[in-house]
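Reading through the structure tokens given below for one structure.
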Amino acid sequence: MAPILSSFKDDALIVLDNLADRASRLVNPAVRLGVTGLSRAGKTVFISSLVHNLLNGGRLPVFEPIRSGRVSKVRLQPQPDDAVPRFQYEDHIAALVRDRVWPDSTRAISQLRITLDYESASGWNRMFSPGRLSIDIVDYPGEWLLDLPLLGQDFREFSESTVRRARAGTRATLSREWLALASVSGATVAADEGSARRIAESFTAYLQACKADDRSLSTLPPGRFLMPGDLEGSPALTFSPLPDLPQGRAPKGSLWAMMERRYEAYKTHVVSPFFREHFARLDRQIVLVDALQAINRGQEALSDLEQALADVLACFRPGTNSWLSSLFTRRIDRVLIAATKADHLHHESHDRLERITARLVSRAAERIGMSGAGLEVMALASVRATREATVSHDGHTLPVIVGTPIAGERINGDVFDGERKTAIFPGDLPEDPEVLFEPMNGHRVSKSTEAECAIPELNFVRFRPPPLEETRGGLKLSVPHIRLDRAMQFLLGDRLA
Ligand SMILES: Nc1nc2c(ncn2[C@@H]2O[C@H](COP(=O)(O)OP(=O)(O)OP(=O)(O)O)[C@@H](O)[C@H]2O)c(=O)[nH]1
Ligand SMILES: [Mg+2]
């Protein structure tokens, strides 16, 4: 294994960055909160709602500094890093609150600083602390995080692990064309731009097919192949892992040598700067997971998500022997894994969603010694788009959720116009998470065991963001949520103590 990054240069840069951060914090205390998750997991909505609730005195009873009334002033301030795009809070919140549409997808890193003036809870601290904390929120794609392990893999290791996964399960069908093309060309043929591009395109098409596949499949690295941004078409993105590499080194002038060089360029120019400039400087991290979607898609999707989360967690708590641990004195000391969009379920199922999410990360957390302090799992909705109710049906009382389906959504052939409300029975999650993880349980054994064994059929409808309630005086309240305050308490509470 070649710990490419553990060069003196990178080490020193990270240490210097951290020292500079620390020095500026003596004057202006700040905490860097990373918000990540795969695309569409709910990052933009989470940050918008969190900031809106802080700025507008939202209902945050579990967030102690707010509950106890110690926070006197909250405001947005210019962010510390001039080279990073600003998180466009005003646009996103206008979409959510004014237009009642979900904000547009965002494809790159962005940052926002929110500053709180507060009175410390302890008399001792009140004497010394300036009572001001800046929270620098950094929104970045989870796909970039999945790239970090590449820093510790050479081209051969990267090729082997990618090809192994491509030959297993559902992926085997999706990868056929790419693998055939890459095998026919052969690693040792002379390099030429045309075939390099064709193989790279075929590899990218395979990654896209995995992502689009309904049955399952979390994202695989390299992350920028799915979100190229301004790198589209550059050599650093025109490579592919190669199957069945022969022993020894890549022959000079071969396709293999060309791919290897470009893979290294990807690490140097894409992965390493992200690691150094952003990831290594975070203090706290929330990883948003669309667990409901994976549950709905079935067992293979769940185990795929479990694997992706294991890869993600390994970035936060590198083991003593790993390439990452040699690199930075760990700064991230709290990680929250949050299942989002819990408002698609009746509250009776929220704890169950939480248990399923905990099961998704428990094995990985144990393996890397991260269970317990520093890691928490919860189910939340950054924006609560539904209300709860009950309806009577055939003499039974059913718990339902009520909301306005997005225009064009269908339920049993009924097409919604974006104005009409409806009540749906969302379905139940199983009490025992294990049921979802054992392959056999997907097959219904007999009528009598169906109730215990069946994978739940969740009714999934996309709802519009809710209208904001008004006070009697006509004042709009803040965005409604589920357990957002609990997340804030875990991530930030101690820094405002
Ligand atoms: N009902 C409900 N839907 C949500 C919630 N959060 C996110 N969503 C839905 O999930 C979609 C994606 O949310 P975003 O916040 O844009 O996700 P993202 O992670 O920023 O996505 P990218 O920018 O594409 O990476 C939204 O358009 C909503 O449809 C929530 O708390 N409740
Ligand atoms: Mg986004």
Side-chain angles (χ1 to χ4, degrees), residues 34-53 58 85-89 91-97 99-112 137-146 211-212 218-219 223-224 226-229 285-294 296 308 312 337-347 349-350 353 378-388 401-409 416 418 421-422 424 426 458-467 478-487:
V35 178
T36 199
L38 296 178
S39 69
R40 314 314 290 147
K43 302 177 287 293
T44 305
V45 172
F46 173 82
I47 298 171
S48 305
S49 176
L50 181 145
V51 172
H52 191 262
N53 273 283
R86 181 173 181 274
F87 179 87
Q88 294 302 351
Y89 169 73
D91 297 350
H92 299 319
I93 210 71
L96 270 172
V97 170
D99 307 334
R100 287 185 60 206
V101 296
W102 298 103
D104 287 338
S105 184
T106 47
R107 283 281 169 257
I109 193 160
S110 65
Q111 193 183 59
L112 187 72
I137 306 177
V138 184
D139 170 357
Y140 67 92
E143 287 77 1
W144 296 11
L145 206 52
L146 293 177
K211 193 178 157 106
S218 300
T219 308
R224 294 299 203 291
L226 293 169
M227 305 194 171
Q285 176 69 54
I286 175 167
V287 182
L288 297 164
V289 196
D290 197 340
L292 279 174
Q293 185 182 11
N296 242 3
V312 164
I337 310 281
T340 52
K341 312 181 192 178
D343 57 323
H344 283 107
L345 298 170
H346 200 266
H347 74 264
S349 280
H350 292 167
L353 179 61
M378 59 184 80
L380 58 83
S382 317
V383 173
R384 177 183 202 143
T386 62
R387 300 187 144 278
E388 296 189 342
I401 53 175
V402 181
T404 313
I406 289 177
E409 287 286 293
F416 285 82
K421 283 190 181 170
T422 191
I424 64 165
L458 297 175
N459 281 315
F460 232 36
V461 178
R462 289 185 3 111
F463 292 103
R464 284 182 70 183
S478 57
V479 175
H481 62 84
I482 298 170
R483 297 181 178 175
L484 184 65
D485 49 346
R486 232 178 94 194

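Just so you know, ligand 1 is whichever comes first in the structure, and atom 1 is the first atom listed for that ligand. We're numbering straight along the sequence, starting at 1.
In this structure, D343 has a heavy atom closer than 4.0 Å to ligand 1. Heavy-atom distances between H344 and ligand 1 reach below 4.0 Å in at least one pair. For A41, the heavy-atom gap to ligand 1 drops under 4.0 angstrom. Under a 4.0 angstrom heavy-atom cut-off, R107 registers as being in contact with ligand 1.
Scanning the protein heavy atoms around atom 20 (O) of ligand 1, the nearest turns out to be T44 OG1, 2.8 Å.
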Pair R40, D290 - check salt bridge (charged side-chain N to carboxylate O under 4.0 Å, His left out), show working.
CA-CA 8 Å; R40 314 314 290 147; D290 197 340; over 6 Å; no
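Of the candidates R384, K341, R40, the one placing a heavy atom closest to atom 8 (N) of ligand 1 is K341. Ranked by closest heavy atom to atom 14 (P) of ligand 1, the top entry among G37, G42, S382 is G42.
The side chain of R462, and not its backbone, has at least one atom closer than 4.0 Å to an atom of ligand 1 (non-hydrogen atoms only; side chain from C-beta on).
The Mg ion (ligand 2) has an N, O or S atom of T106 inside 2.8 Å of it.
Smallest separation of non-hydrogen atoms from R384 and P466: O-CG, 3.1 Å.
If you number the atoms of ligand 1 from 1 as listed, the ones under 4.0 Å from a heavy atom of S105 come out as 22 (P), 23 (O), 24 (O). Residue contact check: A381 has heavy atoms under 4.0 Å from atoms 31 (O) of ligand 1.
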